[in-house]
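The structure under discussion appears below in the form of structure tokens.
The analysis underlying the following values was restricted to heavy atoms, covering all of them including side chains, and did not include hydrogens, waters or symmetry mates.
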Amino acid sequence: MATYVEAVRGSHSMDKSITLPPDEIFRNLENAKRFAIDIGGSLTKLAYYSTVQHKVAKVRSFDHAAKQESDGEPLYEISVQEEITARLHFIKFENTYIETCLDFIKDHLVNTETKVIKATGGGAYKFKDLIEKKLKLKVDKEDEMSCLIKGCNFVLKNIPHEVFVYAKHGDSEFRFQNTHPDIFPYLLVNIGSGVSIVKVEAEDRFERIGGSSIGGGTFWGLGALLTKTKRFDELLQLASRGQHTSVDMLVKDIYGGAYGCLGLTGDLIASSFGKSATAEKEFSKEDMAKSLLHMISNDIGQLACLYARLHNLSRVYFGGFFIRGHPVTMHTITYSINYFTKGEVQALFLRHEGYLGAIGAFLKGAEEDNPNQYCWGENYAGSSGLLSVSPELNPMQRERSGTFLFDMLEMDRLERQLVNLPLLQDSSSYIPDTVDLTEDTLAREYWLCCFEEALDGVVKRAIASQKDQPEAAERAEKFRQKYRDKLQTLRHQPFAYGSLTVRSLLDTREHCLNEFNFPDPYSKIKQKENDLALKSYQRVLKTLEELSWEQRQIALVRGLLAGNVFDWGAKAVSDVLESDPEFGFEKAKQQLQERPWLVDTYNQWIERLKGPPHKCALFFVDNSGMDIILGVFPFVRELLSRGTEVVLASNSGPALNDVTNGELQILTERIAAMDPAIQASLSEDRLTLVQSGSSSPCLDLSRLDKVLATVVRERGTDLVVIEGMGRAIHTNYYAALSCESLKLAVIKNSWLADRLGGKIFSVVFKYEVPSIIQGHH
Amino acid sequence: MELNGYHCDGEACPETEDEDTTVSKQCWVDAPCSNIESANMENTTTSGTVHRERRVSNSTSSRQRIDSLKKNRPPFPWFGMDIGGTLVKLVYFEPKDITAEEEQEEVESLKSIRHYLTSHTAYGKTGIRDVHLELPDLMLWGRKGSLHFIRFPTQELPAFLQMGREKHFSSLHTTLCATGGGAYKFEADFRTMADLQLLKLDELDCLIKGVLYIDSVVSSGPSECYYYENPTDTEHCQQKAYNLENPYPLLLVNIGSGVSILAVYSKDDYKRVTGTSLGGGTFLGLCCLLTGCSTFEEALEMAARGESARVDKLVRDIYGGDYERFGLPGWAVASSFGNMMCKEKRDSVSKEDLARSTLITITNNIGSITRMCALNENIERVVFVGNFLRVNTLSMKLLAYALDYWSKGQLKALFLRHEGYFCAVGALLELLNSS
């Protein structure tokens with residue numbers, strides 16, 4: 001970055017105290033294309049598209065026919081390949097630094113195919129010449145409102161936990177909402193200097209149904225006149241310290257108490273500024289600012305409600321600079337909406353509201369790349385999270401990066417289209433995660449500590465996975481720093497990336513590992529374990545075949561559970577595995593809790609097995625090695641022998657020691673070579689492998705590969721098996737499916753076991769039949 | 001939405017009412033200037049007959065009614081009082097048909113009150129009798145007399161009570177019908193300071209009773225209800241009489257310190273739809289803070305001279321003209337006080353500009369909320385009342401304009417001459433039920 005620093009020093013217009021943190025901001029400029037910029041009153045939002053080259057672990061089967069197998073020869077080859085994926089970058093910074101930033105971009109932009117920059121926002125006109133001069137790109141203006149709506153549709157569709165409700169006095173201030181598959185219709189109330197109320201009915205159908213001139217500009221302008229305070233932020237701070245009751249005339253000032261028969265409480269404001277109608281008294285700045293804030297928020301809330309009622313809309317999103325990142329205004333607007341609709345409508349806010357215009361402008365310029373055709377996922381490693389630049393909430397960030405404040409959002413293009421599992425009982429109320437750590441303080445503290453403590457091990461494992469690369473240690477350190485920072489941020493702002501959950505902590509870790517090119521730290525371990533387990537496959541099958549039917553069923557379940565004990569994701573187990581490599585399958589079975597298990601509906605399951613076979617079972621698999629080979633395959637084999645078709649769903653990308661789709665294909669091939677029953681099922685298409693679309697140790701049934709959903713539907717799937725702590729306990733424990741389901745896991749975390757009322761290695765065996773089907777039987 | 005390209009300079013400048021009656025009278029007659037005569041003519045030709053029919057009094061049944069009235073009639077004095085957040089509104093019925101015998105019997109304190117109220121037009125420094133609103137030759141409960149309309153600031157209530165005490169009001173054993181929040185808040189003060197018992201009445205009940213009553217009894221003079229013809233055309237905008245004979249359904253917007261919006265479906269079927277805290281009190285409160293003025297009249301006078309486009313950010317300031325994509329005209333206000341975000345502009349505006357902008361902001365906001373309520377309730381007729389509209393032609397024309405423009409002519413804004421007194425009238429009417 002030395003050259004950059006020189007370039008900066010040499011520039012006359014540059015504020016020398018500012019150096020952009022080059023590893024953190026404007027990333028991947030080398031292959032950036034399709035720029036868009038949204039310049040607001042005080043903040044600039046820049047968007048671009050880049051292709052990111054990163055390493056992925058690939059497995060490839062050896063040609064076994066050509067090679068003689070011998071001991072110690074691994075069954076497949078692991079190679080790390082470069083893969084190119086698409087990423088969207090959105091960066092927000094103060095207008096003051098626009099020139100610095102444009103210079104930075106100019107210096108780092110390699111790809112010059114781009115000729116045009118899409119621009120929107122009130123400042124786009126003002127900075128047009130500067131942008132054209134600096135970047136040599138033609139500025140192409142786009143309508144502000146249509147950009148806003150386009151961006152809004154995009155985030156609503158692609159970012160889970162985008163939407164939240166604000167509750168100042170709640171257990172957690174931010175309550176994130178489920179993503180609705182159908183986002184339309186909705187009302188967007190944009191509070192800029194004025195207010196625009198827009199009804200959005202479809203992707204390209206929206207209408208400005210109303211507005212008001214009393215908006216953010218009124219608060220700012222009138223506030224500046226009344227208090228001689230210039231900055232918007234300062235006005236809000238004044239307001240949050242003030243007492244409006246000294247300025248406003250309340251119902252009780254007129255009535256002496258409540259106006260009972262109309263249900264107007266005494267504290268209600270009868271007349272804003274009603275007490276200041278006197279030349280005699282002086283009022284404090286704080287009190288006037290507070291009164292003004294109430295007046296404007298209530299007025300906007302009231303109008304929004306009137307429009308929502310008139311158009312019969314219940315989803316009302318609020319945005320604009322008046323709202324953006326300001327808990328104070330989110331609170332007053334929420335209060336107002338709640339008051340005027342008697343709680344029937346909730347004020348909804350968006351995590352990435354500040355980016356909507358930039359996203360929309362970008363999308364307009366990128367139509368030929370068809371960004372709307374793909375699914376995108378928020379990259380936790382490259383995104384700053386909610387309120388990261390809010391001075392009220394995050395004085396820390398200001399300190400850390402000097403005076404330059406920026407906020408980022410990065411989204412990765414997902415290779416697959418993601419959809420709901422068709423077997424969810426109610427997709428709109430489905431919540432994958434069992435515990436919301438934003439609300440559960442005790443659990444949050446535990447898990448944050450737990451992930452922090454596990455960090456050393458993860459770093460060690462990452463380095464070990466790339467022994468041949470000398471700079472791996474350095475990268476691993478950067479990973480450690482990044483993830484520790486994320487954990488630190490989450491400690492202060494658990495709501496930064498939506499609801500904090502064990503899943504989001506795990507996913508963030510995966511994103512950070514990928515960021516520093518550790519695509520699959522467990523690849524070698526998985527390989528070794530798969531090898532070992534394959535060797536025992538036939539022996540395990542033989543033992544099972546000697547048992548009676550009843551004995552075999554319990555043995556199969558115990559085998560599945562024992563396999564599940566092998567889990568590098570759980571700290572308690574990884575400690576044992578590390579210290580005692582002889583820890584075998586039999587030993588694992590001994591660790592298991594004896595029946596009755598912590599959750600035990602095994603008897604119902606056995607009764608069910610005595611009945612007619614299931615048509616098709618969808619099995620979400622978990623770990624490599626013993627789990628998949630000695631636990632899952634025998635169990636699946638039994639299902640197949642009953643005449644049940646089986647669909648094995650495994651991760652698309654690596655996560656911990658979970659078996660990936662690529663690995664599973666090779667393993668299945670190898671098992672089929674040993675086991676004619678599996679071979680037959682494969683050739684008859686009764687055993688199918690699909691990828692889940694996920695690269696997480698957990699499972700979100702509302703974001704699954706479209707192909708999986710199609711297969712599930714076509715096969716008439718009537719049983720779903722979910723295995724492992726990540727997929728069946730941390731997520732989906734309460735998921736209600738429209739068919740029979742089996743959730744099983746071994747609790748390998750003593751804190752969690754304790755919480756569930758059990759001990760470590762307690763077993764959860766949860767067989768469920770939805771009530772509708774129960775009626776039929 | 002705001003509108004702003006609208007000027008009414010040179011016409012209907014609200015004048016300061018001081019304690020001199022003639023000025024007060026003058027203000028009303030002269031203010032709406034050219035329009036008023038045609039309005040009068042309109043009234044006598046179209047609605048006069050209707051009112052006459054409504055007040056038939058020659059039948060036997062009505063004579064019987066008068067007989068029974070005589071028995072149940074409350075003793076004098078007849079008052080109705082509305083104690084609001086800012087103003088106390090007092091209506092007083094002065095009997096003009098007092099017989100010699102009655103005159104003889106009339107106790108001293110009663111006589112003194114009658115003389116005090118009817119021989120003055122100003123009371124103390126701030127009490128005012130709106131002489132132009134006086135309804136002479138009114139028949140009420142079989143008595144003929146004049147209805148007087150008096151107002152004074154709520155903060156002067158202690159002085160008023162003091163006067164009641166000095167004039168031995170309590171010795172008359174009359175019931176004092178009172179409404180408005182102050183009837184509750186000051187009930188104890190009435191008892192302790194003046195030894196008076198209040199009959200507390202609901203203000204919205206009173207408001208509707210008062211409106212219907214006044215509209216039904218006004219037959220001569222300017223029509224009680226009127227509207228602005230051609231509100232979107234400054235040149236041809238005229239005040240016209242309106243016949244409120246079949247008023248339902250009706251949206252009644254009462255703009256006092258705050259605003260209440262009622263949907264009225266019949267004489268006794270109504271609901272409060274909503275309200276807003278941005279009302280007359282807000283206008284005056286903000287004007288006092290921004291300009292240092294201290295009275296409503298002062299604030300209005302400044303507003304009449306100001307230019308709000310210097311304070312507000314208009315659509316054309318942002319888009320250079322109309323924002324056609326959304327049908328927003330360039331003259332519409334995009335952000336009230338929006339220009340005041342900028343320091344240079346803050347330094348260049350006058351107090352008058354600020355007063356004007358405040359008035360327009362508050363008025364348009366009321367118009368906007370009213371329009372949404374009318375749409376939600378499916379009501380086309382809107383009657384605006386309340387003291388915010390007193391000598392405030394600017395706001396009335398703005399409301400008329402806003403309702404007409406944004407509803408594309410669907411909504412009609414109506415106004416009543418007795419603006420802020422209806423609650424007090426409604427309270428007076430309850431006097432009969434109290435005895």
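Of all the listed residues (A:Leu264, A:Val247, A:Leu268, A:Val251), the one sharing the greatest number of non-hydrogen pairs under 4.5 Å with chain B is A:Leu264. Per-residue counts of heavy-atom pairs under 4.5 Å with chain A were compared for B:Gly275, B:Gly256, B:Gly84; the largest is that of B:Gly275. With respect to chain B, the highest number of heavy-atom pairs below 4.5 Å among A:Gly257, A:Ser291, A:Gly274, A:Ala270 belongs to A:Ala270. Across B:Ile318, B:Thr274, B:Asn339, the residue that shares the most heavy-atom pairs under 4.5 angstrom with chain A is B:Thr274. When each of B:Val349, B:Asp202, B:Val311 is checked for heavy-atom pairs under 4.5 Å with chain A, B:Asp202 comes out on top. The residue among A:Gly223, A:Gly215, A:Gly256 with the most heavy atom pairs within less than 4.5 Å of chain B is A:Gly256.
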Checking side-chain contact (heavy atoms from CB on, under 4.5 Å) for the pair A:Lys230/B:Lys343: CA distance, chi angles, key distance, verdict? CA-CA 8 Å; A:Lys230 284 179 218 157; B:Lys343 185 169 187 310; 4.0 Å; yes

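Remark: A:Lys228 engages no residue in a side chain to side chain donor-acceptor pair (under 3.5 Å) (not counting sequence neighbours). The ring-ring contact (aromatic ring centres under 6.0 Å, His included) test applied to A:Tyr317 returns A:Tyr186, not counting sequence neighbours. The side chain to side chain contact (heavy atoms under 4.5 Å, CB included) search around B:Thr179 returns B:Asp82, B:Leu201, B:Glu203, B:Cys206, B:Cys423, B:Ala427, not counting sequence neighbours.
Within the 4.5 angstrom heavy-atom criterion, atoms from both the backbone and the side chain of A:Met295 approach chain B. Using a 4.5 Å cut-off between heavy atoms, A:Met145 contacts chain B through both its backbone and its side chain. For A:Ile209, no part lies under 4.5 angstrom from a heavy atom of chain B. Proximity to chain B (any heavy atom under 4.5 Å) is shown, for A:Phe219, by neither the backbone nor the side chain. Using a 4.5 Å cut-off between heavy atoms, B:Leu204 contacts chain A through both its backbone and its side chain. Neither the backbone nor the side chain of A:Asp248 comes within contact range of chain B; no heavy atoms are under 4.5 Å apart.
In terms of modelled atom types and a separation under 3.5 Å, the side chain of B:Ser277 and the main chain of A:Ser271 share no donor-acceptor contact. For the pair B:Lys185 (side chain) and A:Asp253 (backbone), a donor-acceptor distance under 3.5 Å is present. Although no hydrogens or angles enter the test, the distance criterion places a donor-acceptor pair under 3.5 Å between the side chain of A:Ser276 and the main chain of B:Gly285. B:Thr282 places a side-chain N or O within donor-acceptor distance of the main-chain N or O of A:Ser272, the cut-off being under 3.5 Å. Within the 3.5 Å criterion, the main-chain N or O of B:Ser336 finds a donor-acceptor partner in the side chain of A:Thr218.
In this structure the side chain of B:Ile83 never reaches within 4.5 angstrom of the side chain of A:Ile254, judged on heavy atoms. Looking at A:Trp220 and B:Met341, their side chains come closer than 4.5 Å, going by heavy atoms from C-beta outward. Considering only heavy atoms from C-beta on, A:Leu222 stays 4.5 Å or farther from B:Thr358 through its side chain. No side-chain heavy atom of B:Leu289 sits less than 4.5 Å from a side-chain heavy atom of A:Leu225.
Residue-level contacts of residues 297-308 of chain A with chain B, in order of numbering, are A:Asp299, A:Gln302, A:Leu303, A:Leu306, A:Tyr307; threshold 4.5 Å between heavy atoms.
Of the inter-residue distances, the one linking B:Phe326 atom CZ with A:Ser196 atom OG reads 7.0 Å to the nearest 0.5 angstrom. To the nearest 0.5 angstrom, A:Phe273 atom CZ is 12.5 Å from B:Leu284 atom CG. In this structure, A:Glu207 CD and B:Arg325 CZ are separated by 10.0 Å, a value rounded to the nearest 0.5 Å. In this structure, CG in B:Asn365 is found 3.5 Å from CD1 in A:Ile214, a value given to the nearest 0.5 Å. The NZ atom of B:Lys313 sits 13.0 Å away from the OG atom of A:Ser213 when rounded to the nearest 0.5 Å.
Heavy atoms from other residues, nucleotides or ligands lying under 6.0 Å from CG of A:Asn312 number 12 at most. The number of heavy atoms from other shown groups lying within 6.0 Å of CD (A:Glu203) is above 12.
Considering every non-hydrogen atom in both B:Tyr184 and A:Tyr255, the closest pair reads CB-O, 3.4 Å. Residues B:Met340 and A:Ala224 share a closest heavy-atom pair of O-CB, 4.0 Å.
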